[in-house]
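Taking it in order: structure first as structure tokens, then the write-up.
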Amino acid sequence: MAPQTFKIASIPADGVGKEVVAAGRRVLDVLAEQSGGRFAFEWEEFPWGCGYYEQTGKMMADDGLDTLKAFDAIYFGAVGWENVPDHISLWGLRLNITQNFDQWANVRPVKFLPGVQSPLRKADDTELDWVVVRENSEGEYAGLGGRNLSGRGPGNEVALQTALFTEKGCERIMRFAFDLARTRTVKKVSSVTKSNAQQYGMVLWDEVFNRVALDYPDVATESVLVDAMSAKFILHPEDLSVVVASNLNADILSDLGSALAGSLGVAASANLNPERRFPSMFEPVHGSAPDIAGQGISNPIGAIASAALMLDHFGLHDEARRVEAAIEAATASGALTRDIGGSSDTDAVTEAIVHALQTALTPA
């Protein structure tokens, strides 16, 4: 029987993205070797990013999106460097992909790993595990607005940044969150809002949430203002299971959750096109980290955990759980990078995870 071959576009992009994507590919290739020929990964790497921009004036090739359509998934590193303004690098590459491929569901689990000290005291004796579901196609990052009136002289320019909320966009991300909640031990969805101050978009968000909730009587619900939710992440995180929020609110809250888990370096994410009309993209939450890029000390866990999310997307659920278990075994053994209190480098943590995968297959 021929192996199931998954074609993956690798886009390491900038800074530590190159290091952590290499680590994730190593783990996935080991899994394929261990599969007994059941599946394989076919990689193609693309040089897009700020270095490519320096050479061409573009963040990715003109036919880049058409090229990526042929792949089963995209494995992304990090974007951003000092030679390119951040809004150009982000919109020219990462957001160019997520917007055009309608990757409207951004899933960001918050995982507390053994051996990683959390700044949250409650994490010492309370089991915490929640996931942030981020609306990834509209909201505050829709790209609507403009700058005007600069011709009136210094100090008179006006900038408008318009948030876009559609009933369909709100409903599909909320149903995604409810369906996800049904698969979890604690079946609960917390909606993040700010409808007291944003009386149009967020009121629509609330109304759609209340309507969708009626179709899921088995799932508990709550609606929490974003400022109160930021406090809840710290004071009562044990009450959380699935948190659904708009593009900006979920972006900020998920970073807070990752920091509470110990570091942005351990945070994974999936940018999903659930209808599978386009490939989905998997990436660590952290940035390109120019201050440590090239030193071999970046944390590969976020990228490797993102690879586990990609395995789930491919239906390889047992393999995804094996990768997650290997990450936990590695951190519990003390294989920790500097951002989470250790002294191991990128390669050492990666090899500890690979060793855990290999050891798990060896009879005691």
Side-chain angles (χ1 to χ4, degrees), residues 8-25 43-68 71 74-101 103 106 108 136 140-147 150 154 157 159-161 247-248 251-252 254-255 258-259 263-269 271 279 281-304 306 337-339 345-347 350:
I8 306 175
S10 171
I11 309 177
D14 304 314
V16 299
K18 299 176 175 65
E19 303 163 30
V20 299
V21 163
R25 287 181 58 169
W43 299 93
E44 185 171 347
E45 186 164 306
F46 296 90
W48 304 329
C50 291
Y52 186 85
Y53 182 92
E54 198 163 38
Q55 296 173 359
T56 67
K58 301 171 184 175
M59 286 297 296
M60 65 187 299
D62 289 336
D63 62 351
L65 292 175
D66 286 334
T67 300
L68 291 175
F71 290 85
I74 303 163
Y75 194 36
F76 193 85
V79 67
W81 206 251
E82 59 186 8
N83 64 314
V84 184
D86 288 342
H87 66 282
I88 292 177
S89 61
L90 188 64
W91 276 97
L93 185 56
R94 185 192 171 277
L95 287 178
N96 196 22
I97 295 170
T98 59
Q99 294 276 341
N100 282 287
F101 284 176
Q103 295 169 350
N106 182 211
R108 295 187 171 189
N136 209 34
E140 304 86 352
Y141 293 176
L144 298 176
R147 296 174 61 172
S150 60
E157 187 173 6
L160 298 176
Q161 192 76 44
N247 217 326
L248 173 63
D251 191 10
I252 296 170
S254 60
D255 279 7
S258 300
S263 169
L264 286 182
V266 303
S269 76
N271 301 285
M281 184 164 67
F282 303 84
E283 60 173 333
V285 170
H286 63 70
S288 57
D291 56 325
I292 62 169
Q295 299 179 36
I297 59 174
S298 57
N299 192 336
I301 290 177
I304 295 171
S306 298
T337 46
R338 297 180 190 182
D339 60 307
D345 62 17
T346 308
D347 288 342
T350 304

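All residue numbers in this chain count up from 1 along the given sequence. Please read these numbers as outputs of a predicted model, since none were measured by experiment.
- For the pair Asp86/Leu90, no side-chain contact is recorded, criterion being any heavy-atom separation below 4.5 Å from C-beta on.
- Salt bridge Asp345/Arg338: absent, no basic N to carboxylate O contact under 4.0 Å.
- Residues Trp91 and Gln99 are in side-chain contact: their nearest non-hydrogen atoms beyond the backbone lie under 4.5 Å apart.
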Before you tell me yes or no, could you show the steps for Gln295 and Thr346 under side chain to side chain contact (heavy atoms under 4.5 Å, CB included), namely the whole-Å CA-CA distance, both residues' side-chain angles and the distance that decides it to 0.1 Å? CA-CA 9 Å; Gln295 299 179 36; Thr346 308; over 6 Å; no

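- Residues Leu144 and Gln161 are not in side-chain contact: their nearest non-hydrogen atoms beyond the backbone lie 4.5 Å or more apart.
- One finds the CZ atom of Arg25 at 5.5 Å from the CD atom of Glu45 (value rounded to the nearest 0.5 Å).
- Side-chain contact between Phe46 and Leu68 is present, with heavy atoms from C-beta onward closer than 4.5 Å.
- Summarising the geometry of Val21 relative to Ser10, their closest heavy-atom pair is CG1-OG, 3.4 Å, with the distance given to 0.1 Å.
- Residues Asn271 and Asn136 have side chains in contact (heavy-atom distance under 4.5 Å, counting atoms from C-beta outward).
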If you apply the rule side chain to side chain contact (heavy atoms under 4.5 Å, CB included), what do you find for Glu54 with Val84, and how did you get there? CA-CA 8 Å; Glu54 198 163 38; Val84 184; over 6 Å; no

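- Atom OG of Ser306 is separated from atom CD1 of Ile301 by 11.5 Å, given to the nearest 0.5 angstrom.
- Put simply, OG1 on Thr350 and CD1 on Ile304 are 4.5 Å apart, with the number rounded to the nearest 0.5 Å.
- At a threshold of 4.5 Å between non-hydrogen side-chain atoms, the residues Arg94 and Phe76 count as touching.
- For the atom pair CD1 of Ile11 and CG of Leu93, the computed distance is 6.0 Å after rounding to the nearest 0.5 Å.
- What you find for Asp339 and Ser263 is that their closest heavy atoms are OD2-OG, 2.5 Å.
- Proximity of Ile74 to Phe282: side-chain heavy atoms (C-beta onward) are nowhere separated by under 4.5 Å.
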Run the side chain to side chain contact (heavy atoms under 4.5 Å, CB included) check on Asn299 and Val20 step by step: do they pass? CA-CA 7 Å; Asn299 192 336; Val20 299; over 6 Å; no

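- Looking at Asn83, its side chain does come within 3.5 Å of a backbone N or O of Cys50 through a donor-acceptor pair.
- Listed by chain and number, the residues in a ring pair (Phe, Tyr, Trp, His ring centres under 6.0 Å) with Tyr53 amount to none (sequence neighbours excluded).
- Nearest heavy-atom pair, Leu248 versus Glu140, reported as atom, atom and distance to 0.1 Å: N-OE1, 2.8 Å.
- Within the structure, side-chain hydrogen bond (donor to acceptor under 3.5 Å, both in side chains) pairs that include any residue of residues 14-23 comprise Glu19-Ser298 (at least two apart or interchain).
- Taken from CE in Met281 to CD1 in Ile8, the straight-line distance is 14.0 Å, to the nearest 0.5 Å.
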Derivation and outcome, side chain to side chain contact (heavy atoms under 4.5 Å, CB included), residues Trp48 and Met59: CA-CA 6 Å; Trp48 304 329; Met59 286 297 296; over 6 Å; no

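- For the residue pair Asn96 / Asn100, a side-chain donor-acceptor distance below 3.5 Å is found, with atom types taken as modelled.
- We find the OG-NE2 distance between Ser269 and His286 to be 9.5 Å, quoted to the nearest 0.5 Å.
- When side chains are defined from C-beta on, Asp347 does not count as touching Pro300, because their heavy atoms never get closer than 4.5 Å.
- Shortest non-hydrogen contact noted between Ala303 and Pro284 is N-CB, 3.6 Å.
- Ring planes of Tyr75 and Trp43: tilted class, angle from 30 to 60°.
- Closest non-hydrogen pair, Gly80 versus Ser288, comes out as O-OG, 2.7 Å.
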